[in-house]
> 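Got a structure here, written out as structure tokens. Questions coming.
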Amino acid sequence: MDERYHPGSIEDKWQKKWDEHNLFKVDEDPDKEKYYLLEMFPYPSGKIHIGHVRNYTIGDVVTRYKRMNGFNVIHPMGWDAFGMPAENAAIENNTHPAAWTYENIDYMRAQLKKMGFSYDWDREVATCRPEYYRWEQWLFLKMFENGMAYRKESYVNWCEKCQTVLANEQVEQDKCWRCSQVVQQKKLYQWYFKITDYAEDLLVHCDKLPGWPDKVTIMQKNWIGKSFGSELKFQIDGSDEDIIVFTTRPDTVFGATFMCLAPEHPLVETLSRGTEQEGAVAEFVNRISHQERSATGIEKYEKEGVFVGAHCINPATGEKIPVYTANFVLMEYGTGAIMSVPAGDQRDFEFARKYGLNIRVVVQPEGESLDGNTMPEAYTGPGIMVNSGEFNGMDNKSAIDAITQWLEMEGRGKKTVSFRLRDWGISRQRYWGTPIPIIHCADCGVVPVPEADLPIRLPEDANILPKGGSPLPTLAYFQKTDCPKCGRGDARRDTDTMDTFVESSWYYLRYCSPRYDRGMFDPDAVKYWMPVDQYIGGVEHAVLHLLYSRYFMRVLNTLGMIDFKEPFTRLLTQGMVCKETMTCPEHGYLFPFEAERKSADNLVCTKCGKPVEVGRVIKMSKSKKNVVDPNELLEQYGADVTRLFCLFAAPPERDLEWSEEGIEGSHRFINRVWRLAGECMKVVKGVTPYTGPADGLSKDAKALYIKANQTVKKVTEDIEKSFHFNTAISSVMELVNMMYTVDIESADGEMKSILAFGLENILLLLSPIVPHFCEELYALMGKESFILEQGWPSFREDALQTDEVVVVIQVNGKLRSKFTTGAGASKASIEERALADSKIQKHLEGKTIRKVIVIQKQQTLVNIVAN
RNA sequence: GCCGAAGUGGCGGAAUUGGUAGACGCGCUAGUUUCAGGGACUAGUGGACGUAUGUCUGUGGGAGUUCGAAUCUCCCCUUCGGCACCA
């Protein structure tokens, strides 16, 4: 046995052995309890980054742990392979998206294998393969048939740089989530999935996902955004038509002194036509609709609008109020029209002040008297109703229902709810994606591709346009086709592709039967494996992928294809991997290797020798250069040490700060165990580990035996309860430290069998974390089978309690002394001894004992209250 | 602005059923090792005072509940994340 652990050859060896023995392959087995462990699959961008390493290490540990606990564990991996970076890379490197993608997949697969992850590679899926996306096209057709997919013209988020439409979920702070370009509004025909049909159901079930972090379900709830309110009808002056508004504050209807319509509201044009305002309105609407989704900065908050030239009747007061169109009213929310109550809403207030509109107070805060002419801002709080006819004097909360009921009787209103969630726009004007299986015919209009013609293959030989944008509309042979309905020869295919989030909404179903060719998935396989028991991935998908996936399962459920609605029973969102940034005054951001440490606090740039400034610890990113390359970690430390550090440095849900010294520490620990194992094996090899009761063992042997049992318990609980591997590893370290205190060479027979117990448990407990290392030592101990095929170790309940306990003595809550006593000592005897303690006596001098509290729980403690 | 999470040594982090604050690791200090270096091993390490048995102090800040609070309650501050004209 070598003095040191050499990861290179050992890790290679075990990866090969696992592979040869098909150790990670699984099939449905009705006799075994299944466990579906899923990690978010990566986009094949070129290389695995450290975030993947962390994510997949966590998943791998759980997989191996569950497997040792007897579960039939499915642990698949695949590729979210469609997407824009492939197109951009193709332009940059003069290659093709397909070639680039498949090369990346091959490279990254090899990287994952080197990390020793226990994937069943037979289940690998790449979403850019026709065998995959044909079933997505098939589902699209089913959804179309059932009214779940539809096409409409409306304003959409357009990213000029990416040359495509974006879903609402893909717009972050008015910017494209990929390239940060400010998004514009563009009117286009687009395909939509009717996710809003499930808004209520998605919302309700947020509270039925106890295995999800609250922050994720809260984000989803906020995104769905249900609000309770009323729809009120305002009759248009001189017409029978009504304008319907949505409001959450019907109690303030008496204070509605004007009305605002969204610029896109159809009535804006209708009402202004033929009035003297027609020109001004047209100019305004035109200007607003060409504005970026929202201008940045202060401009955003500047409210403006124009009078549309018509009035409507306030249903509560009967008075005529002017109708405006205003930039702050959103067409997509509510009804696109609001009743403006300047006294009770800050936006309406600002608008009213700007245009000199009447402000009437209808809710008066208790003990105050607001005046519409002098109040500095709107009052939105609770209060007493005024200027509201028969409702005067009521508190405004009761008035909400009372006024709604009254207006309902008048036929002018009703209770309703409104959602923020909008339908999912899935058309993308991109090439590298799933073609939408639709044909446009001059006679028949929109015609679905017949099922038998699927898949509509994405032409993989298309020349990528150097300026970006999809080449599909330029390809006559792709576009030109016969109409399946009437046979017209000049029909054309839809040249848009689907949002890549469509692929990731169901890939985990495909894993269950990845080569199935009679449908999206084999129903029996899905019945056995689904739902996913544990999903692990980044929190950035809280309202994208995770919401879409929940939606998709509802669609499939409605279509009768599956019998569940929630895809992921438990969700773990791991934290980011962070590192400090380093900047050189001359060269800007530096990679870690571009800074050289001259002394404790002198770091210089290797290029110019100038002092380097160490910045904040932030998420690793290429642009900030604060990255570590998994390849280098593998080279320098091997997979196991890398895995160990990822788990030890922080609990999984928290951000992890990468540190060079930290990983060195993990490296040291591995070698420490290696040496301990070497020492032990000299005397322990072939010795049967002791597993009997603790009673009757000699003092040192018993102490070690108890420690080992406690360690098994602690590690099991830490993994089972919360995946807190950092504390699990700590407790193994404690056991290792204790074993180091044993004089191994002169151990007697009893001690030998306990050392054997300790060592074997260390290997079993660490094996999910550092599997190659443990397999090697396990084999060196003379074991024949794989450690992964061993059962998870158990502990003896009767070997957890040490004979002696430390009693701490406090006086008035302050620690003053301690003593040791037998574990079974009585309260009375402990109290007696505590009071007799000489240090305690000193502290009690001149005081009267008021009370003595003796606690015998996790700790044994005496608190003497005296004054 | 609204919603959420988090603030503990020089650092990463333990301890949250209220019960020895700082496990484990990093770093640092001293020592040991035929120790080139790296490494390994032993001891120490929250702060202040003290030769010392020790005393005081200490979990973002301030109040409170309690025999006892990192942990529970209230107020405030800071940082991070999400949403943001949502009527």
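Owing to the predicted nature of the structure, the values given are computational and were not obtained by experimental measurement. Below, chain A is the first sequence line, B the second, and so on; all start at residue 1.
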> If a pair means Watson-Crick or G-U wobble with both distances below 3.5 Å, what does RNA chain B look like in dot-bracket form, with | marking bases paired to a different strand?
(((((((..(((......[....)))(((((((.....)))))))((((....))))..(((((..]....))))))))))))....

> Is A/K221 salt-bridged to A/D207, going by a charged N under 4.0 Å from an acidic O?
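Salt bridge between A/K221 and A/D207, a charged N being under 4.0 Å from a carboxylate O: yes.
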
> Using the ring of each side chain (for Trp, its six-membered ring), is A/F723 parallel, tilted or perpendicular to A/F725, with breaks at 30° and 60°?
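Parallel: the ring planes of A/F723 and A/F725 meet at under 30°.
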
> Across the strands shown, which category fits A/S659 at heavy-atom distances under 4.0 angstrom: base, sugar-phosphate, nothing?
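Contact class for A/S659: none.
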
> In residues 859-867 of chain A, what residues come within less than 4.0 Å of RNA chain B, judged by heavy atoms?
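Only A/Q859, A/L861, A/N863, A/V865 qualify.
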
> Base, sugar-phosphate or nothing for A/Q810? Non-hydrogen atoms, less than 4.0 Å.
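It contacts base atoms.
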
> Among B/A87, B/C3, B/G12, which nucleotide has an atom closest to any side-chain atom of A/E657?
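For A/E657, the side-chain atoms sit closest to B/G12.
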
> Distance alone, cut at 3.5 Å: any donor-acceptor contact between the side chains of A/Q220 and A/R550?
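There is such a pair between these side chains.
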
> Touch check for A/D348, heavy atoms < 4.0 angstrom, all strands: base, sugar-phosphate only, or nothing?
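Nothing, no heavy atom under 4.0 Å.
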
> Tell me whether the OP1 or OP2 atom of B/C83 has a side-chain N or O from A/R420 closer than 4.0 Å.
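The answer is no; no side-chain N or O of A/R420 sits under 4.0 Å from OP1 or OP2.
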
> Kindly say if A/K814 contacts the phosphate of B/U57, meaning a side-chain N or O under 4.0 Å from OP1 or OP2.
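Answer yes for this pair, as a side-chain N or O of A/K814 is under 4.0 Å from OP1 or OP2.
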
> Identify which nucleotide among B/A15, B/C67, B/C83 has an atom closest to any side-chain atom of A/K851, counting heavy atoms from C-beta outward.
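Between B/A15, B/C67, B/C83, the one nearest the side chain of A/K851 would be B/C67.
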
> With respect to the side chain of A/R672, which nucleotide from B/U55, B/C67, B/C41 is positioned closest?
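The closest nucleotide is B/C41.
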
> State which of B/G12, B/A87, B/C26 makes the closest approach to the side chain of A/R668.
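It is B/C26.
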
> Among B/U20, B/G4, B/C67, which nucleotide has an atom closest to any side-chain atom of A/K215?
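Nearest nucleotide to the side chain: B/G4.
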
> Would you indicate what A/G225 reaches in the nucleic acid, counting non-hydrogen atoms under 4.0 angstrom: base, sugar-phosphate, or nothing?
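No contact.
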
> Do the charged groups of A/D837 and A/K839 touch, with an N to O distance under 4.0 Å?
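No, no charged N to carboxylate O under 4.0 Å.
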
> Roughly how many Å apart are B/U45 and B/A52, using the P atom of each and rounding to a whole number?
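Per the computed distance, 13 Å lies between those P atoms.
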
> What contact category does A/V329 fall into here, base, sugar-phosphate, or nothing, at under 4.0 angstrom with non-hydrogen atoms?
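If one applies the 4.0 Å heavy-atom cut-off, A/V329 turns out to touch a base.
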
> Could you tell me whether A/K354 and A/E304 have a side-chain N and a carboxylate O separated by less than 4.0 Å?
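Looking at A/E304 together with A/K354, the answer is no, because their closest N to O distance does not fall below 4.0 Å.
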
> Report the nucleotide, chosen from B/G25, B/A84, B/A23, that has the shortest atom-to-atom distance to any side-chain atom of A/S730.
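Output: B/A23.
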
> If we count only N and O atoms by modelled type, under 3.5 Å, do the side chains of A/S230 and A/T404 hold a donor and an acceptor together?
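Yes - a donor-acceptor pair under 3.5 Å links their side chains.
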
> Check this for me, if you would: do A/K619 and A/D655 make a salt bridge, where the nitrogen-to-carboxylate-oxygen distance has to be below 4.0 angstrom?
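A salt bridge is absent here (no side-chain N lies under 4.0 Å from a carboxylate O).
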
> Please determine whether a side-chain nitrogen of the Lys or Arg among A/K579 and A/E657 lies less than 4.0 Å from a carboxylate oxygen of the Asp or Glu.
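Not counted as a salt bridge, because no side-chain N and carboxylate O are separated by less than 4.0 Å.
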
> Determine whether the aromatic ring centres of A/F328 and A/F351 lie less than 6.0 Å apart.
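Yes: the rings meet the under 6.0 Å criterion.
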
> Give one of base, sugar-phosphate or nothing for A/N671, where a contact means two heavy atoms less than 4.0 Å apart.
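The answer is nothing, as A/N671 stays clear of every strand by at least 4.0 Å.
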
> Counting heavy atoms not belonging to A/K226, are there more than 12 under 6.0 Å from its NZ?
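Atom NZ in A/K226 is crowded, with more than 12 foreign heavy atoms closer than 6.0 Å.
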
> Taking only the side-chain heavy atoms of A/E661 (C-beta and beyond), determine which of B/C26, B/G4, B/G12 contains the nearest atom.
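Among the listed nucleotides, the one closest to the side chain of A/E661 is B/C26.
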
> When the nearest nucleotide of RNA chain B is assigned to A/N726 and to A/K842 on a heavy-atom basis, which residue is associated with the more 5' position?
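Per heavy-atom nearest nucleotide, the more 5' residue is A/N726.
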
> Base of B/C3, side chain of A/K221 - is there a donor-acceptor contact under 3.5 Å?
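Flag unset: no donor-acceptor pair detected.
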
> When you get a sec, tell me which of B/C85, B/G19, B/G25 is the closest nucleotide to the side chain of A/I855?
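Minimum distance to the A/I855 side chain belongs to B/G19.
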
> Base, sugar-phosphate, or nothing for A/R675, non-hydrogen atoms under 4.0 angstrom?
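Touches sugar-phosphate only.
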
> Please tell me if A/H843 has a side-chain N or O lying less than 4.0 Å from either OP1 or OP2 of B/U55.
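Yes, A/H843 has a side-chain N/O under 4.0 Å of OP1/OP2 on B/U55.
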
> Which one, B/C3, B/U20, B/U57, comes nearest to the side chain of A/K818?
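Per side-chain heavy atoms of A/K818, the pick is B/U20.
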
> Identify whether any heavy atom of A/I218 sits under 4.0 Å from a base atom; if not, whether one sits that close to sugar-phosphate; answer base, sugar-phosphate or nothing.
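Sugar-phosphate: the residue A/I218, judged by heavy atoms under 4.0 Å, touches backbone atoms but no base.
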
> With respect to the phosphate group of B/G25, does any side-chain polar atom (N or O) of A/S666 fall under 4.0 Å of OP1 or OP2?
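So the side chain of A/S666 is outside the cut-off, no N or O lying under 4.0 Å from OP1 or OP2 of B/G25.
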
> For B/G9, does the glycosidic angle fall within 90° of 0 (syn) or outside that (anti)?
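The base of B/G9 is oriented syn (glycosidic angle within 90° of 0).
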
> Report the nucleotide, chosen from B/A87, B/A14, B/G12, that has the shortest atom-to-atom distance to any side-chain atom of A/P651.
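That would be B/A14.
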
> Would the A/W223 and A/Y548 ring centres measure less than 6.0 Å apart?
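Here the rings of A/Y548 and A/W223 have centres that are no less than 6.0 Å from each other.
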
